[in-house]
> 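Have a look at this one before I ask anything.
Reckoned from all heavy atoms, side chains included, excluding hydrogens, waters and symmetry mates.
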Amino acid sequence: MESKEYEFKGGSMNGFIMLFLVLAMVFGMFYFIVLTVTYENGWYMIPAVLLLICIIIGCCGFSMQEPNEAKVLTFFGKYVGTFRKTGFYWLNPFMSVKKVSLRARNFNADPIKVNDKAGNPVMIGLVVVWRLKDTYKAIFDIDTDVANANTVGGAAGLRMNKFERFVAVQSDSALRQVAGMYAYDNDGDDTHEVTLRSGSEEVNDVLLRKLNERLEMAGLEVTEARINYLAYAPEIAAVMLRRQQAAAIITAREKIVEGAVSMVKMALDKLSDEEIVELDDEKKAALVGNLLVVLCGDEPAQPVINSGTLNH
């Protein structure tokens, strides 16, 4: 969507120069008042009154702006541009001014309960760094009316609070959508599948893109978004923990068996190559069974000494 924002090109003046002109008009007004009293001539009051009107108008146009701030200007309801210059300036006092902040802000969302791709309830939270990018969309495309604010500074604060609430609602919606696209964890069948637990970078990139798609209409930009809390919901946390423990035990057993089979094969090859003892198939099977029990057992093996002889 094309932005309608543009820089204010109307009349503006250095604030210190205008302040000097206002002071000059004050002295001029008093000068004409003195002439009116001295010569008792009422005609001298006409320029004095005109100067007083100009002084009042001049005093209403002073504006000071800090870095990363902007003023959205409208003239009798018509948008006339965004003023971004920093410093002390004088602007047309008949224009309506809406002040906004362009500084980056943090939003830390409390964990919410969502369903992952497999339908498991999980608790997930995120942190978002956002800022205002397009002042036209931010002011005119979403509701940021703060007509009840007493001061310009107070209106700006209330307006930014409304932006933050908008970010909060859209972040909740985007987080639910992204969480439903991935499983919490894989079950070991497909170790290359991206999950919420293992694919943090990819999930964060998708979350950032979804948030920017939702906040573009408000002229807001998310510069960073990442999941900062991830856990199973309390009602299934204990069951899932036991499942993870079982999966870890099975994986460990597979490694143990794989190593034990390798060691048994090596032992049989050594006995055969070095002709230490000649074993028939029955003795080999017994030896293999005993070695696997020793190598794969959880408890230390109890040695039993066989005093019999081998039959050749």
> Any salt bridge between R209 and D205, counting N to O under 4.0 Å?
no
> For D134 and K137, which heavy atoms make the closest approach, and how far apart are they?
OD1-N, 3.2 Å
> Just verifying a value: how many Å separate I33 CD1 and M45 CE, rounded to the nearest 0.5 Å?
5.5 Å
> Counting neighbours of NZ on K98 that are heavy atoms of other residues, nucleotides or ligands and sit closer than 6.0 Å, is the number greater than 12?
yes
> Could you pull out the closest heavy-atom pair between A225 and N204, with the gap in Å?
O-CB, 3.6 Å
> Would you check, one step at a time, whether the test side-chain contact (heavy atoms from CB on, under 4.5 Å) holds for V128 with N106?
CA-CA 6 Å; V128 174; N106 280 326; over 6 Å; no
> Distance-only, no hydrogens or angles: does the D110 side chain make a donor-acceptor pair with backbone N or O of G125 under 3.5 Å?
no
> Could you please spell out the steps behind the side-chain contact (heavy atoms from CB on, under 4.5 Å) verdict for M95 and V80?
CA-CA 9 Å; M95 292 188 300; V80 293; 3.9 Å; yes
> With side-chain contact (heavy atoms from CB on, under 4.5 Å) as the criterion, how do Y229 and I124 come out once you've worked through the C-alpha distance, each side chain's angles and the decisive distance to 0.1 Å?
CA-CA 5 Å; Y229 182 88; I124 187 170; 5.9 Å; no
> Roughly how far, to the nearest 0.5 Å, is CG of L211 from CD of E216?
13.0 Å
> Does V129 belong to the same Ile/Leu/Val/Met/Phe/Trp/Tyr cluster as L132, with side-chain heavy atoms less than 4.5 Å apart forming each link?
no
> Between F83 and L91, is there a side-chain heavy-atom distance shorter than 4.5 Å?
yes
> Does M217 share a hydrophobic cluster with V100, counting links as ILVMFWY side-chain heavy atoms below 4.5 Å and allowing steps through other members?
yes
> Is it the case that atom OH in Y31 sees more than 12 heavy atoms from other parts of the structure closer than 6.0 Å?
no
> Just so I know, are the side chains of N92 and F8 near enough to count as touching, which here means a heavy-atom distance under 4.5 Å?
no
> Would you mind reporting whether M181 and V206 have side-chain heavy atoms less than 4.5 Å apart?
yes
> Within this structure, what is the CD-CG distance for the pair E221 and L208, rounded to the nearest 0.5 Å?
9.0 Å
> Does N161 use its side chain to pair, donor to acceptor, with the backbone of G157 at less than 3.5 Å?
yes
> With no hydrogens and no angle check, just 3.5 Å: does a side-chain donor-acceptor pair link K71 and Q65?
yes
> Where do A70 and T82 come nearest, in terms of heavy atoms and distance?
CB-CG2, 3.9 Å
> Does R84 pair with E5 as a salt bridge, N-O distance under 4.0 Å?
yes
> Is any NZ, NE, NH1 or NH2 atom of the basic residue among K9 and E7 found under 4.0 Å from an Asp or Glu carboxylate oxygen of the other?
no
> Side-chain donor-acceptor pair under 3.5 Å between N115 and N120, yes or no?
no
> Does N228 reach the main-chain N or O of L126 with its side chain, forming a donor-acceptor pair under 3.5 Å?
yes
> To the closest 0.5 Å, what do you measure between CG (N14) and CZ (F88)?
8.0 Å
> Hydrophobic cluster membership, with links at side-chain heavy-atom distances under 4.5 Å among I/L/V/M/F/W/Y: are M18 and L52 in one?
yes
> Quick one, W130 and F163 - any side-chain contact, counting heavy atoms below 4.5 Å?
yes
> Look at the side-chain heavy atoms of Ile, Leu, Val, Met, Phe, Trp and Tyr, link any pair under 4.5 Å apart, and say whether M64 and V22 land in one connected group.
yes
> Look at the side-chain heavy atoms of Ile, Leu, Val, Met, Phe, Trp and Tyr, link any pair under 4.5 Å apart, and say whether F16 and M25 land in one connected group.
yes
> When the ring planes of Y232 and Y184 are compared, do they come out parallel, tilted or perpendicular, using 30° and 60° as the limits?
tilted
> Just verifying a value: how many Å separate F140 CZ and K4 NZ, rounded to the nearest 0.5 Å?
10.5 Å
> How far apart are the closest heavy atoms of K210 and A174, and which atoms are they?
CB-CB, 4.3 Å
> T135 versus L102: any side-chain heavy-atom pair under 4.5 Å?
yes
> What do you reckon, are the aromatic ring centroids of Y6 and Y136 less than 6.0 Å apart?
no
> Please round to the nearest 0.5 Å and tell me the distance separating atom CG of L50 and atom CZ of F32.
9.5 Å
> Report yes if some heavy atom in the side chain of W43 is under 4.5 Å from a heavy atom in the side chain of T36; otherwise report no.
no
> Does R103 come within less than 4.0 Å of E69, counting only side-chain N to carboxylate O?
yes
> Just do the side chain to side chain donor-acceptor pair (under 3.5 Å) check on Q177 and R214 with the steps written out, would you?
CA-CA 12 Å; Q177 180 183 5; R214 292 173 178 272; 2.9 Å; yes
> Between F76 and F94, is the gap from one ring center to the other below 6.0 Å?
no
> Please assess R131 against T223 for the test side-chain contact (heavy atoms from CB on, under 4.5 Å), listing each intermediate value before the final yes or no.
CA-CA 8 Å; R131 67 183 184 89; T223 58; 4.2 Å; yes
> Can you tell me if R176 uses its side chain to pair, donor with acceptor, with the backbone of S171 under 3.5 Å?
no
> If we only count heavy atoms from C-beta on, is the F62 to L19 side-chain gap below 4.5 Å?
yes
> Please check if the number of heavy atoms outside F20 that lie under 6.0 Å from its CZ is greater than 12.
no
> Flag the pair V127 / F107 as yes when at least one side-chain heavy-atom distance between them is below 4.5 Å, and no otherwise.
no
